[in-house]
A.B. asks: 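Attaching a single structure in structure tokens format; questions to follow.
Just follow the structure's listing: the first ligand is 1, and inside any ligand the first atom is 1. What you see is a predicted model; the values in this text were computed from it and never measured.
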Amino acid sequence: MALLTILTWPDPRLKTVAAPVRKFDARLATLAADMAQTMYAAPGIGLAATQVNVHERLVVIDISEQKNDLRILVNPEIIWKSEAKFIYEEGCLSVPEIYDEIERAEQIKVRAQDVKGEFYTFDAEGLLAVCVQHELDHLLGKVFVEYLSPLKQSRIKTKLKKKIARGDLQTVR
Ligand code: NI
């Protein structure tokens, strides 16, 4: 297994729209395992392939405290969203140390494949629903801060640049 380099916003590669996964082979299983290791090491609760510069519809998520509930979502689709909304203070491994409130659907139903290509569905609410919606946005080239006002976005860019200049953030792992 290997730790992968996480792109930092506003890297233009984060805007890439991911393509569907077609081959359920050893390469895919290794990529998913490397992404999980990278997520746990960061540490984070979700990581999309887009963030490690692989533009395929693959996401890993683990919101458990014990870090023992890994979900691998290949070609995930949200097939239902509640009208009810949920506001959560989100963060992102591609926007280090920045948190802000984002409104999303409170409950969703998700259809995905596992690394072998088997389809499965699950219901998610609260934090898990937030996390799935956040990661699926990455696959469409969207980062959570892009829901914020242009002023907030430019302030975040300035903060990140300063941190990188000071050496507080590693841009390459
Ligand atoms: Ni993110």
A.B. asks: For the Ni ion (ligand 1), which protein N/O/S atoms fall under 2.8 Å? Skip waters.
C.D. replies: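 Within the sphere that stays under 2.8 Å of the Ni ion (ligand 1), the protein atoms of type N, O or S are C92 SG, H134 NE2, H138 NE2.
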
A.B. asks: Would you mind listing every side-chain hydrogen bond (donor to acceptor under 3.5 Å, both in side chains) that reaches into residues 69-89, with sequence neighbours excluded?
C.D. replies: N75-Q113

A.B. asks: Going by the rule salt bridge (Lys or Arg N to Asp or Glu O under 4.0 Å), which residues pair with E125 if we only count those two or more places apart in sequence or in a different chain?
C.D. replies: none

A.B. asks: How does the hydrophobic cluster around Y99 look, that is, which other residues are in it when side-chain heavy atoms under 4.5 Å mark a link?
C.D. replies: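 Via sub-4.5 Å side-chain contacts, Y99 links to none.
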
A.B. asks: Is any side-chain N of the basic residue among K23 and E56 closer than 4.0 Å to the acidic one's carboxylate O?
C.D. replies: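 Between E56 and K23 there is no salt bridge, as every charged N stays at least 4.0 Å from the carboxylate O atoms.
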
A.B. asks: Hey, does the side chain of Q133 reach the backbone of A129 with a donor-acceptor pair shorter than 3.5 angstrom?
C.D. replies: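 Yes, because the side chain of Q133 sits within donor-acceptor range (under 3.5 Å) of the backbone of A129.
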
A.B. asks: Indicate yes or no: does D137 engage R104 in a salt bridge with an N to O separation below 4.0 Å.
C.D. replies: yes

